[in-house]
Amino acid sequence: MRWSRLFIPTLREAPADAEVVSHKFLLRAGYVRQLAAGFYCYLYLAKRSLLKIERIVREEMDAIGAQEIYTPEVHPAELWQKSGRWEVMGDDLFRLKDRWGRSLCLGMTEEEVMTWIAQGELRSYKQLPQIWYQIQPKFRDELRPKSGLMRVRRFTMKDSYTFDIDRAGLDAAYDKHYGAYCRIFNRCGLEFLPVEAHSGAMGGSESHEFMVPAEAGEDWVIECAASGYRASLEKAVTRAREPETPDPEGTGSPEAFHTPGRKTIEEVAEFDGSPATAHIKTLVLVAQGKPLMALLRGDHSLSETKLQTAVGTDDVRPAHAHEIGEWLGAAAGSLGPVGVANMRILADAALEGRRNMIAGANKDNYHLRNVTPGRDFEARFADIREAEDGDTDIASGEPVRRRKAIEVGHIFKLGRKYAEALGLRVLDKNGKEVTPIMGSYGIGLERVLTGAIEQNHDDRGMALPVSIAPFETVVTPVNVKNEEQRKAAETVYQALRNEGVDVLYDDRLERAGVKFKDAELIGIPFRVTVGKRIADGAVDLSERATGESVGVKLEEVASVLRRRIEAAGPRA
RNA sequence: CGGGGCGUGGCGCAGUCCGGUAGCGCGCCUGCUUUGGGAGCAGGAAGCCGGGGGUUCGAAUCCCUCCGCCCCGACCA
């Protein structure tokens with residue numbers, strides 16, 4: 001394509017609204033323009049890149065036997081009412097009414113519709129397994145769209161759904177997707193981590209998220225480089241750092257001491273010279289209407305999702321101040337488990353075996369010394385702690401690292417929830433009606449692009465992987481008014497096209513500096529510069545990511561470049 | 001929804017306190033010069049100062065109100 005005829009509105013300065021790197025560059029490089037909060041127009045370059053990502057996704061999905069279909073983005077409310085998600089999704093679901101007053105919604109995922117199709121058509125186990133997928137816009141009325149294409153209200157999702165007769169079939173479908181996702185993200189040039197994910201308080205089974213480590217990410221992953229252990233923060237199980245000082249010896253019973261005005265662990269610890277690790281942090285919650293006490297080591301944080309899993313419900317909220325006073329006779333800041341009989345007590349596993357700790361006395365401005373779990377109070381132990389830097393891996397004993405990441409994909413063993421809700425049944429080989437078991441799997445295409453930019457950029461712009469860059473190379477004549485250079489550039493352009501290279505020809509009547517800056521901004525992986533050296537029959541071939549540049553003979557540049565592009569891996 | 005910030009040519013900003021002819025840099029258009037890292041000179045176009053209402057002789061500026069956008073929080077594939 002000839003740049004002079006394209007619409008690539010680059011900006012010297014980033015619009016003030018953009019904060020994260022990928023957002024700034026997407027705007028500056030003329031990839032996108034924002035229509036409204038969470039809604040973006042994809043201009044030529046973004047669309048080209050997204051199409052390449054889409055092609056990679058399609059190839060890998062087809063390769064595992066998935067069949068591409070397409071369903072409407074608008075769904076009748078009844079389907080969502082049947083699955084229960086009409087209520088569950090609350091304000092996240094875009095809802096609308098048609099002219100007859102019928103309720104509709106915009107699809108955020110398609111479990112209902114896919115299951116509806118299956119329910120209407122699948123009759124026999126012989127028709128299973130099935131893998132159906134599509135690539136289409138999804139809508140979520142996000143509370144707070146942000147960070148450019150990271151969190152938006154309309155995005156492109158590859159979503160697939162599998163139907164199997166039994167657990168083993170689902171496992172196989174899941175494994176196929178796991179493999180396909182790894183190949184997809186590898187081909188897109190991303191550094192990614194598949195992590196075990198939390199599968200929800202209500203009975204989901206296995207689930208993995210595909211995380212792209214990046215500063216702009218909104219999720220956290222825990223990773224142990226030594227053992228290869230990795231999990232989402234919600235799910236990660238690690239060994240806590242040892243307490244700073246050993247627990248005091250002795251078998252003394254709990255003994256109150258005055259802690260005037262000291263409420264936080266930090267304040268009490270400083271007051272009596274003890275480390276935070278010697279304290280018991282006491283939280284009062286309400287689970288399904290009933291009070292619940294959660295205990296943690298003083299320096300640890302509660303993981304809400306782990307707590308939900310431990311108590312078997314996601315209906316958990318912090319207790320109000322008046323409830324705490326009523327139940328325990330003291331205010332937050334002086335709470336503890338000793339003598340508490342009117343609520344369940346759940347203690348984090350890191351408290352098990354500890355002795356002579358410090359806890360609140362349930363009397364304002366007093367704490368207790370010599371509190372020993374199991375002796376001075378009864379509690380159920382469970383892992384309810386959020387993993388953190390400084391923890392060690394259970395298996396290897398090596399340290400773990402906590403990293404920010406972007407979730408680009410999620411695979412999920414759904415079970416029979418939707419099949420049951422929508423009445424999907426087939427006959428098994430014994431002629432008996434059974435409910436197929438489902439899986440669902442998603443990839444956010446814009447997040448693949450965003451992640452690639454976050455991972456591959458410098459202060460001058462993007463440096464996209466060759467597989468998903470809008471063009472593989474750019475041919476830049478330094479001076480188009482110089483007839484020799486212009487002709488040579490034209491020759492190179494045609495030669496590259498003949499070689500099957502996806503090439504952008506910067507034939508604009510601009511000075512060299514402007515063209516170089518633009519090419520670097522928009523992130524084209526290779527550049528062929530046609531300048532003065534053409535007098536010796538040579539051009540320069542430079543690589544965006546490394547900045548390396550080599551002289552190449554004019555007649556060889558096409559084949560050299562093709563080899564270098566192929567060396568970068570399979571293309572879209 | 002709670003907290004914070006911002007809406008002024010395409011982009012970045014000043015002007016707003018303290019009312020008095022709307023400015024700067026970049027970009028854009030024309031011409032000449034220049035041409036391997038965002039050129040120089042000259043000339044030019046482009047703004048209901050987010051919308052509505054009010055105060056005033058006079059409002060970008062003061063008051064009321066609505067809208068939009070960004071950030072933090074709660075929430076969430």
Side-chain angles (χ1 to χ4, degrees), chain A residues 7 9-20 23-24 27-30 33-40 85 88-93 107-111 138-148 150-153 155-159 197-200 204 207-211 216-219 232 234 304-305 314 317-318 405-412 414 440-447 460-461 476-482 485-486 489 506 508-521 527-535 538-540 542 547 549 551:
Chain A
F7 181 57
T10 59
L11 262 19
R12 282 216 195 179
E13 289 178 276
D17 285 347
E19 291 248 324
V20 303
H23 190 199
K24 283 183 182 161
L27 289 168
R28 276 195 59 201
R33 288 296 182 259
Q34 182 175 358
L35 178 64
F39 293 107
Y40 283 83
R85 292 211 295 177
V88 173
M89 288 308 171
D91 290 338
D92 279 356
L93 190 62
M108 46 203 305
T109 58
E110 308 264 332
E111 280 81 0
K138 295 288 185 288
F139 299 85
R140 297 183 56 119
D141 197 357
E142 286 284 344
L143 209 45
R144 189 149 90 78
K146 57 178 287 204
S147 306
M150 276 265 300
R151 179 165 297 276
V152 291
R153 296 200 281 175
F155 64 100
T156 314
M157 182 187 243
K158 185 292 297 177
D159 49 322
H198 179 71
S199 36
S207 167
H208 281 85
E209 289 168 340
F210 291 80
M211 301 294 230
E218 298 178 324
D219 294 292
S232 67
E234 294 175 336
E304 283 176 42
T305 33
D314 59 359
R317 64 164 172 88
I406 301 168
E407 181 190 348
V408 294
H410 194 176
I411 59 177
F412 195 73
L414 262 189
S440 78
Y441 319 82
I443 293 177
L445 300 204
E446 288 85 349
R447 285 194 176 177
R460 291 187 281 192
T476 309
V478 168
N479 183 355
V480 288
K481 281 191 180 166
N482 176 306
Q485 288 181 25
R486 198 193 57 76
D506 194 353
R508 292 176 300 165
L509 212 154
E510 290 285 354
R511 294 166 60 88
V514 173
K515 296 194 201 185
F516 294 157
K517 294 285 187 204
D518 272 347
E520 283 158 358
L521 215 209
R527 188 182 80 213
V528 178
T529 310
V530 183
K532 286 178 195 145
R533 301 181 55 187
I534 199 64
V539 297
D540 290 308
S542 50
S549 182

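The analysis underlying the following values was restricted to heavy atoms, covering all of them including side chains, and did not include hydrogens, waters or symmetry mates.
Side chains of A:V539 and A:I534 form a contact here, defined as non-hydrogen atoms less than 4.5 Å apart. Contact annotation: the side chain of A:D141 never approaches that of A:D91 to less than 4.5 Å [non-hydrogen atoms, C-beta and beyond].
Pairing partner, B:G2: B:C72, with both Watson-Crick or wobble hydrogen-bond distances short of 3.5 Å. In this structure B:G36 sits in no base pair that meets the Watson-Crick or G-U test at under 3.5 Å. Shown here, B:G25 forms a base pair with B:C11; the pair counts as Watson-Crick or G-U wobble because both key distances fall under 3.5 Å. The partner of B:A46 cannot be assigned: no Watson-Crick or G-U wobble pair with both contacts below 3.5 Å exists in any strand. A 3.5 Å limit on both hydrogen-bonding distances identifies no Watson-Crick or G-U partner for B:U55. Base-pair partner of B:C41: B:G31 (Watson-Crick or G-U wobble, both distances under 3.5 Å).
Partner of A:P477 under the side-chain contact (heavy atoms from CB on, under 4.5 Å) criterion, chosen from A:R486, A:K515, A:R508: A:K515. With A:E142 as the partner, the salt bridge (charged side-chain N to carboxylate O under 4.0 Å, His left out) test is satisfied by one option alone out of A:R144, A:K138, A:R140: A:R140.
When the P atom is compared between B:G47 and B:A60, the two are found 16 Å apart, to the nearest whole Å. Comparing the C1' positions of B:G23 and B:A46 gives an interatomic distance of 14 Å, to the nearest angstrom. Comparing B:C13 with B:U21, their C1' atoms are spaced 22 Å from each other, to the whole Å. For the P atoms, the distance linking B:A45 with B:C24 amounts to 13 Å, nearest Å. The gap from the P atom of B:C49 to that of B:G53 amounts to 13 Å, rounded to the nearest Å. Across B:G15 and B:G20, the matching P atoms stand 13 Å from one another, rounded to whole Å. On the C1' atoms, B:A59 is 14 Å away from B:C18, given to the nearest whole Å. To the nearest whole angstrom, the two P atoms, one in B:U65 and one in B:U61, are 16 Å apart.
Across B:C11, B:G36, B:G38, the shortest atom-to-atom separation from the side chain of A:V478 is found for B:G36. When the nucleotides B:U35, B:G38, B:C28 are ranked by their closest atom to the side chain of A:E510, B:C28 comes out on top. Picking from B:U34, B:C11, B:C26 the nucleotide with the shortest atom distance to the side chain of A:R12 gives B:C26.
Using a 4.0 Å heavy-atom cutoff across all strands shown, A:T476 reaches no nucleic acid atom at all. Contacts of A:G442 with the nucleic acid, taken as non-hydrogen atoms under 4.0 Å apart, are absent. When heavy atoms are screened at a 4.0 angstrom cut-off, A:D540 is found touching base atoms of the nucleic acid. Using a 4.0 Å heavy-atom criterion, one finds that A:R527 contacts the bases of the nucleic acid, with or without backbone contacts as well.
With hydrogens and angles ignored, the 3.5 Å screen pairs a side-chain donor or acceptor of A:R28 with a backbone N or O of A:L11. Judged purely by atom type and a 3.5 angstrom limit, A:R447 uses its side chain to pair as donor or acceptor with the backbone of A:E407. Side-chain atoms of A:E446 come within 3.5 Å of backbone atoms of A:T156 as a donor-acceptor pair (strictly under, hydrogens ignored). Distance alone, capped at 3.5 Å, is enough to place a donor-acceptor pair between the A:R33 side chain and the A:L27 backbone.
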side-chain hydrogen bond (donor to acceptor under 3.5 Å, both in side chains) evaluation trace for A:E234 with A:S232: CA-CA 5 Å; A:E234 294 175 336; A:S232 67; 4.6 Å; no

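The base of B:G38 sits within donor-acceptor range of the side chain of A:R28, with an N or O pair under 3.5 Å.
A salt bridge does not link A:K146 with A:E19: none of the charged nitrogens is closer than 4.0 Å to a carboxylate oxygen.
In this structure, the CZ atom of A:R508 is 15 Å from the C1' atom of B:C28, given to the nearest Å. The CD-P distance, from A:E13 to B:G12, rounds to 8 Å in whole Å. Atoms CG (A:D141) and C1' (B:C1) sit 14 Å apart, rounded to a whole Å. Between the CG atom of A:D518 and the C1' atom of B:C26 there is a distance of 14 Å, given to the nearest Å. One interatomic measurement links the two molecules: CZ of A:R486 to P of B:G36, which rounds to 18 Å at whole-angstrom precision. In this structure, A:F516 places its CZ atom 15 Å from P of B:U35, rounding to the nearest Å. Distance, A:N482 CG to B:U34 P: 14 Å, rounded to whole Å. In this structure, A:D506 places its CG atom 15 Å from P of B:G38, rounding to the nearest Å.
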Protein-to-nucleotide contact annotation, 5' to 3' order, nucleotides 65-77 of chain B [B base; S sugar-phosphate only; - none; under 4.0 Å, heavy atom]: ----SSBBBBBBB

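At least one side-chain nitrogen or oxygen of A:K532 sits closer than 4.0 Å to the OP1 or OP2 atom of B:G36.
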